[in-house]
Amino acid sequence: QKEVEQNSGPLSVPEGAIASLNCTYSDRGSQSFFWYRQYSGKSPELIMFIYSNGDKEDGRFTAQLNKASQYVSLLIRDSQPSDSATYLCAVIRGNTPLVFGKGTRLSVIA
Amino acid sequence: DAMVIQNPRYQVTQFGKPVTLSCSQTLNHNVMYWYQQKSSQAPKLLFHYYDKDFNNEADTPDNFQSRRPNTSFCFLDIRSPGLGDAAMYLCATSYGDSGANVLTFGAGSRLTVL
């Protein structure tokens, strides 16, 4: 069983819509959850992280965590063509290094 | 600006010809990581250093080695690159390696093996 799973996509949404990206993880002891954005040929850049169950909002981005269901999601409101990228979910437990999912490719259609 | 710098950005080598990729950081972070990322795949951790303590992932091939001569620099050596080693190599740093610490990535070094 893969540790961090994401639908590879592509997920296509029209400009201005809400994009919903999902991630599940297998290690119930996971403590911290990160969303990175990666443009083609570039390195990952952090969007936001979440530790506690519930929602965390930062501008147009909202991360949602449900530890009981081992599920973390990222919502992007008012999606823009510049949001088109691959979104990587990453998980960490204690002092172990970050484990990444394969990413979901998002395409925002103008 | 404080940052993580990787060199070279693009490296072309021949099958079996050794390659060294470098990473330097001005963040004074004590943890440095090397990830390998192939097309459409997740970044895969190869090694990390917590200060001078070297941590090798169990499935990292022996063909890959790393050096960290000081806090600021870290090198990835690929002794005999094969076609399957073509990938983006990402260096990252963090202050401490607990779950609270965010990774800062360099721009990456893309390796092509002919």
Side-chain angles (χ1 to χ4, degrees), chain A residues 1-11 23-52 56 58 63 65 67 72 85-107, chain B residues 3-7 9-10 21 23 25 27 29-51 53-60 66 86-112:
Chain A
Q1 182 183 8
K2 294 181 181 176
E3 294 186 58
V4 181
E5 295 212 46
Q6 298 180 255
N7 188 323
S8 61
L11 172 66
C23 173
T24 59
Y25 58 94
S26 60
D27 184 352
R28 189 168 284 279
S30 298
Q31 297 165 298
S32 306
F33 308 87
F34 300 79
W35 282 100
Y36 282 82
R37 177 175 62 199
Q38 187 173 28
Y39 292 110
S40 180
K42 304 294 185 182
S43 61
E45 54 181 335
L46 181 72
I47 297 175
M48 61 191 306
F49 53 86
I50 186 167
Y51 306 136
S52 303
K56 179 181 178 182
D58 184 0
L65 175 61
K67 289 187 178 181
V72 57
T86 296
Y87 289 80
L88 300 167
C89 173
V91 170
I92 199 166
R93 174 181 181 155
N95 291 334
T96 61
L98 214 54
V99 177
F100 285 90
K102 290 178 65 172
T104 298
R105 189 157 57 92
L106 173 67
S107 178
Chain B
M3 57 180 62
V4 180
I5 301 169
Q6 292 189 242
N7 283 298
R9 293 291 313 282
Y10 302 92
L21 306 176
C23 178
Q25 54 121 346
L27 297 161
H29 284 173
N30 58 332
V31 189
M32 295 187 77
Y33 309 79
W34 280 106
Y35 284 86
Q36 177 194 62
Q37 188 178 27
K38 297 183 179 180
S39 181
S40 301
Q41 294 188 22
K44 177 182 178 298
L45 183 66
L46 297 174
F47 321 95
H48 76 282
Y49 282 90
Y50 190 103
D51 294 318
D53 292 335
F54 176 70
N55 298 272
N56 188 29
E57 293 303 295
D59 58 353
T60 297
S66 184
M88 174 79 90
Y89 290 88
L90 297 164
C91 175
T93 70
S94 70
Y95 186 72
D97 64 355
S98 77
N101 295 300
V102 173
L103 267 62
T104 300
F105 283 90
S109 293
R110 180 166 295 283
L111 177 66
T112 300

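Chain A is the first sequence line, chain B the second, and so forth, proteins listed ahead of strands; every chain is numbered from 1.
Looking at Y36(A), only its side chain comes within 4.5 Å of chain B, counting heavy atoms on both sides. With a 4.5 angstrom heavy-atom cutoff, E45(A) does not touch chain B via any of its atoms. Residue contact with chain A, scored on non-hydrogen atoms closer than 4.5 Å, is absent for S39(B). For L46(A), the part lying under 4.5 angstrom from a heavy atom of chain B is the side chain only. Neither the backbone nor the side chain of Q6(B) comes within less than 4.5 Å of any heavy atom of chain A. Only the side chain of L45(B) comes within less than 4.5 Å of a heavy atom in chain A; its backbone stays farther off.
Considering NZ of K102(A) and NZ of K44(B), their distance stands at 14.5 Å, rounded to 0.5 Å. Here K42(A) contributes atom NZ and F105(B) contributes atom CZ; the two are 15.5 Å apart, rounded to the nearest 0.5 Å. Rounded to the nearest 0.5 angstrom, F100(A) CZ and L90(B) CG are separated by 8.0 Å.
Of the residues considered (G108(B), P43(B), A92(B)), P43(B) shows the highest number of contacts with chain A, using heavy-atom pairs under 4.5 Å.
With hydrogens and angles ignored, the 3.5 Å screen pairs a side-chain donor or acceptor of S43(A) with a backbone N or O of G106(B).
Residues satisfying the side-chain contact (heavy atoms from CB on, under 4.5 Å) test with N56(B), not counting sequence neighbours, are F47(B), F54(B), T60(B).
At a threshold of 4.5 Å between non-hydrogen side-chain atoms, the residues Y33(B) and L98(A) do not count as touching.
The neighbour count for R105(A) CZ, taken as heavy atoms of other residues, nucleotides or ligands under 6.0 Å away, does not exceed 12.
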